[in-house]
Amino acid sequence: MHNELLQQLTPSQKKAVFHVEGPLLVIAGPGSGKTRVITHRIAALIDSGVRANNICAITFTNKAANEMRQRAIALGASAEGPRFGGTQPHISTFHSLCVRILRRYAEQAGINPNFSIYDESDQAGCIKQAVKDCELDTTNFPPVRMLEAISTLKNNLIDVDRLKAQADDFFSKTLAKVYARYQQILAECSALDFDDLLSKTAFLLQGNDEVRSELSNRFKFLLIDEYQDTNRAQYVIAKALVSAHNNICVTGDPDQSIYRWRGADIRNIIEFENDWPNATIVKLEENFRSIANILEVADNLIAANQKRKPKILIPTRPHGEDVRLRCFEDETEEAQGVAEQVKNLVDNGALLREIAVFYRINAMSRTLEEAFILNKIPYQIVRGVEFYSRKEIRDVLAYLKILVNASDETALLRIINAPARGVGKTTIEKVRAYGQSHNISLYEALKKAEHIDSLSKAPKAKIAVFVNMLEQFKKELAGEVAPIIERVFAESGLEKALQAAGADGENALENVNELISAASLYDQQAEQPSLLDYLQQTALFSDVDAYDTAADRVALMTLHTAKGLEFENVFIIGLEDGLLPHERSTNNDEELEEERRLFFVGITRAKQGLYISYARYRKIRGQTLRTIPSQFLYELGADAIDSVKEEQYFYDEADAQTIPDFAPGQLVRHKFFGLGTIKEFVDMGENSIVTVEFKTGQTKTLMLKYACLSKI
DNA sequence: GCGAGTTATGTTTTT
DNA sequence: CATAACTCGC
C-alpha cells in the first residue's frame, strides 16, 4: 500500500489493519473510520501474500458490499505487493453468501439448487395455507403472528423436530404443527424464505464436516461488519467458516444494535472474547464525523441505557452550531418546517444530497413528501424494495421463477391468469385436486389437463395454450437475462394488457422497462449471467441498495435504513412518545433501550447540522391526537441543545394547569379517550405521569400536564 | 369467471 | 386511513 494511504490511519486503526492471524474484535464507535479499516485490512492481507479469493468479507447490505468491493479493489490496484490478479475477495451480505453456498451444496443440504426465494408476501400466502390445512381458526391463530414465531424459531436454529420435542403447552404444540406444514409447503414449492437461507446454511455447516472444512479452507480470512446485529444462525455460520483457522475479524458497536426484533443477539459481540479467548481487541473511539456538539448529545442520550459498557465518543472535530430542537403544531407544520430549513441550508451553500430526514415508521414519509413537492425540493425516498413489490414487476418475475423452478406453485398461481386468459378459481381447484390425488405438482397437473375429466373443453384448451407457451420459453433460458425478460413480457400478453390499460398501464410499462434495463446492467456485471442467479439476487435486493448517493436530492428514510450512512445535515422528526420510542417497543427495558440506540444511530449520522423535532398534535390512522414529547428528549442534555433555552418546548404555558393529585382508582375524563380509571400515578411535579385504563379498553400512559384529565 | 363495490380490520423497524 | 377480504350482479 502507498505511504499516503497509510498516513491517513490512526495508530489504533493501523493496529486493526495489520493484525493478520487470529481472532480480532474491533469495537468501533460511530464515525470512527470502521469501513476504511476493513477495506484497508483486505488490501493489507493481500499485500502480505494472502490470495484475494481466500478472503470473505460480510456486510450488512448489498450496497455496503458493492462499495467495499470497489474501494478494496482501488486499494489493491495501487498496492506495491501482489495484485488482485483476476481473483477477487468474496464480499457480500450473509444472505447472498448463503445463497451461493446453498446452490453449490444443494445436494448436501437436501434442496433443489433452483430454489425460489420467498419474500414476505409469498410467505403470507404459504402461511395462510398452512394455518388452513391445520384446520385452525385464523382469529385465534393469526397467520402473521404464526409467521413471526416461526421466523424467531428459525433465527434461533430450532427446527420442526426440535420444537415438537420441546413443545409442552397448547400454543407451542399448535405452532409446531403449523411450522411443519409451512415447511412442507415451502419444500413442495422448492422455495426458501429469508430465514431459511441462514438456517439451512447453518445446519449444513454444522452437520456436514466435509462441506464445513471445504469452505473454511476456501475462506482463510473472514471479516464481518456490523457484528452487533448478527443472530444465532449467522453466529453459527461464522464459527463454522473459521473452524479451520480462527482468522475471524469482526467489527461493530453494541450501542448501534438495532435489530433485536429480527433475532439479532447482542451477546454475539459482547461475548466474542469468550468465544475466542486469544482475541485481540482494538477500540476505535475517536469520531471523525460529527462536530463535538452532536457527539455530546449522543453521549448524553446513550448514557441512559443501563445495560451497556460505558464508552464515550472522543470528538476530533471542534464545536460548531448547537443541535436544534423544534416543536411544531402538527405533522404538516413539522414537514413544512423541515422543508423551509432545507431551503435555508441550500441557500447557504449546502448540497441536497448531503441532507437527510429520518423517521421511525415509513408511514411518516407521506407528509414530508407533500411538503417537499409543495416547496419544489428534489427528494428521494430510500425504500427501493417497493419497486420489486409492484404488481407488474412481481408478475414478470413470477413468469421467470416458474421457468426456472417448475415446482414454485406460488409463482404459478400468480400468473396462471395474469393476464386474464379465462383460467379462474374453479378450473384451478379442479387441476389442483387432480394433482393432489395423483401426487404431482400443479404444473405437472396442468400439463396433463386434457386427462382431467372434470374439466370441460374450453378450459382445457386455454390451459394447453398457457403450458405450451411456458414450455417454449423454457427452451431458451441460457445466457443473458434481459432478452429473456423482454421476450416473456411481450409473448405472455402482459405487455398488451398493460398497453390496453391506458394511463395506469403506462406507468407499469415504464416500470417493466426499468426492470429490463436493470437486468441488462446485471448481464454486463455478472461474470456469468444466468436467470437463476439473477432471480436469487434480486430477491435479496433491499431498500438502501437502490439509494442513489450521487443524485442531488434530499434523502428520506427510516432510522433503521440510516444505519451506516452519513450526511452533513440530518433531520430527525416525530420525537414523540409512542413513535420514538414506538409504542410496540415499550414492553420491557430491552426494547426501550433498543429504541434509544435507534435514536442514537440517527443522531450520529450527522456531521454538521442536526435538527430534531416533534409535533404537539399528530394524525394517526385518520385521527388527530395530542402527543407527549418523547422521554428521549429529556435525556439529550438541555445544555447542548439550542432552542430549549430560547423557547419552552418542553413545557407549554398554554397547556399548563394546576396539577391535582390523582390516586389510583380515581375516575377521570379525557377529551379524546373518554372515561377511565387511574391505575398509577407517578408524582414528578409538573412532569407527573399517570397510567389510565380507559373504558375503550385502551391503557395509556400520559403526562399529566398535557393530558387535560378532569376528576369525576 | 370477473370486476365493482362494500365491509371489516389492523397498523414498526428489514435481509 | 389503507388495505384485504368479501359479496353480489353480470
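We name chains A, B, ... by the order of the sequence lines, and we start the count at 1 in each one.
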Residues forming a salt bridge (Lys or Arg N to Asp or Glu O under 4.0 Å) with A:Asp255, sequence neighbours excluded: A:Arg308, A:Lys311
Once you apply a heavy-atom cut-off of 4.0 Å, does A:Tyr259 come out as touching a base, just sugar-phosphate, or nothing? sugar-phosphate
Value in whole Å for how far the C1' atom of B:dT15 lies from CD1 of A:Ile258: 13 Å
Protein-nucleotide distance (A:Lys619, atom NZ; C:dC1, atom P), rounded to Å: 5 Å
Rounded at 0.5 Å granularity, tell me how far CG in A:Leu400 sits from CG in A:Leu515. 8.0 Å
Rounded to whole Å, please give me the gap between NZ in A:Lys154 and P in B:dT14. 20 Å
Would you mind telling me which of B:dT14, B:dC2, B:dT15 lies closest to the side-chain atoms of A:Thr558? B:dT14
Quick one: salt bridge (Lys or Arg N to Asp or Glu O under 4.0 Å) partners of A:Asp133, sequence neighbours excluded? A:Arg181
Position toward the 5' end of DNA chain B (nearest nucleotide), A:Asn62 or A:Gly422: A:Gly422
With A:Phe194 via ring-ring contact (aromatic ring centres under 6.0 Å, His included) - residues at least two apart: none
Measure CD/A:Glu148 against P/B:dT12 and give the value in whole Å, please. 9 Å
A:Thr561 side-chain N/O to B:dT14 phosphate OP1/OP2 under 4.0 Å: yes
At less than 4.0 Å, is any side-chain N or O atom of A:Asn362 found next to OP1 or OP2 of B:dT14? Yes or no. yes
Verify stack between A:His560 ring and B:dT13 base, 5.5 Å, 30 degrees: no
Using the test salt bridge (Lys or Arg N to Asp or Glu O under 4.0 Å), find all partners of A:Glu594 that sit at least two apart in sequence or belong to another chain. A:Arg597
Can you list every side chain to side chain donor-acceptor pair (under 3.5 Å) pair that touches residues 148-158 of chain A, not counting sequence neighbours? A:Ser151-A:Asp195, A:Lys154-A:Gln183, A:Lys154-A:Asp193, A:Lys154-A:Asp196, A:Asn155-A:Asn231
Salt bridge check, A:Glu595 against A:Arg584: does any charged N sit closer than 4.0 Å to a carboxylate O? no
Protein-to-nucleotide contact annotation, 5' to 3' order, nucleotides 2-10 of chain C [B base; S sugar-phosphate only; - none; under 4.0 Å, heavy atom]: S--S-----
Would you mind reading off the distance between A:Ile237 atom CD1 and B:dT15 atom C1', rounded to a whole angstrom? 12 Å
Taking atom C1' of B:dT14 as reference, at what distance in whole Å does atom CD of A:Gln234 sit? 12 Å
Given atom CG of A:Leu625 and atom P of C:dC1, what is their separation to the nearest angstrom? 13 Å
For a quick check of understanding: with a heavy-atom distance under 4.0 Å over all strands, which category does A:Asp195 fall into, base, sugar-phosphate or nothing? nothing
Closest-nucleotide ordering on DNA chain B, the 5'-leading residue of A:Ser585 and A:Thr427: A:Thr427
Given B:dC2, B:dT15, B:dT12, identify the nucleotide with an atom nearest to the side chain of A:Ile361. B:dT12
Under the 5.5 Å and 30° test, is A:Trp261 stacked on the base of B:dT13? yes
When you measure from the side-chain N and O atoms of A:Asn231 to the phosphate of B:dT15, is any distance below 4.0 Å, counting only OP1 and OP2? no
Do the side-chain N and O atoms of A:Asn405 and A:Ser116 include a donor-acceptor pair separated by under 3.5 angstrom? yes
So, OP1 or OP2 of B:dT15: does either fall under 4.0 Å of a side-chain N or O from A:Thr61? no
